[in-house]
**Q** 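Before anything else, here's the structure in question.
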Amino acid sequence: MPKFNIEEDTIAQQYIQEAFPDCCIRQIEMAEIAKEGGALHCLSWNVYLPKTHVKR
């Protein structure tokens with residue numbers, strides 16, 4: 001989940017962790033990227049997955 005270096009980051013992580021108790025929730029620093037108009041969703045568009053890793 002995104003992290004913006006604000007007080008609400010901790011609160012948001014707690015809510016997400018409660019919603020997904022069996023998951024390890026990690027925050028990714030997004031403050032600088034968000035200044036450029038993007039965030040976690042935009043970054044995920046550029047993740048390269050080789051065809052050898054695609055399940056058919």
**Q** Just checking E7: does its CD atom have more than 12 heavy atoms from other residues, nucleotides or ligands closer to it than 6.0 angstrom?
**A** no
**Q** State yes or no: do F4 and I28 share one hydrophobic cluster built from I, L, V, M, F, W and Y residues joined by side-chain heavy-atom distances below 4.5 Å, directly or via other members?
**A** yes
**Q** Please round to the nearest 0.5 Å and tell me the distance separating atom CD of Q17 and atom OG1 of T10.
**A** 13.0 Å
**Q** Report yes if the side chains of E29 and N5 come closer than 4.5 Å at any heavy-atom pair, otherwise no.
**A** yes
**Q** Should I6 and M30 be counted in the same cluster of Ile, Leu, Val, Met, Phe, Trp and Tyr side chains packed under 4.5 Å apart?
**A** yes
**Q** Within this structure, what is the OH-CE distance for the pair Y15 and M1, rounded to the nearest 0.5 Å?
**A** 11.5 Å
**Q** Please report the shortest heavy-atom distance between K3 and D9, naming the atom on each side.
**A** CG-OD2, 3.3 Å
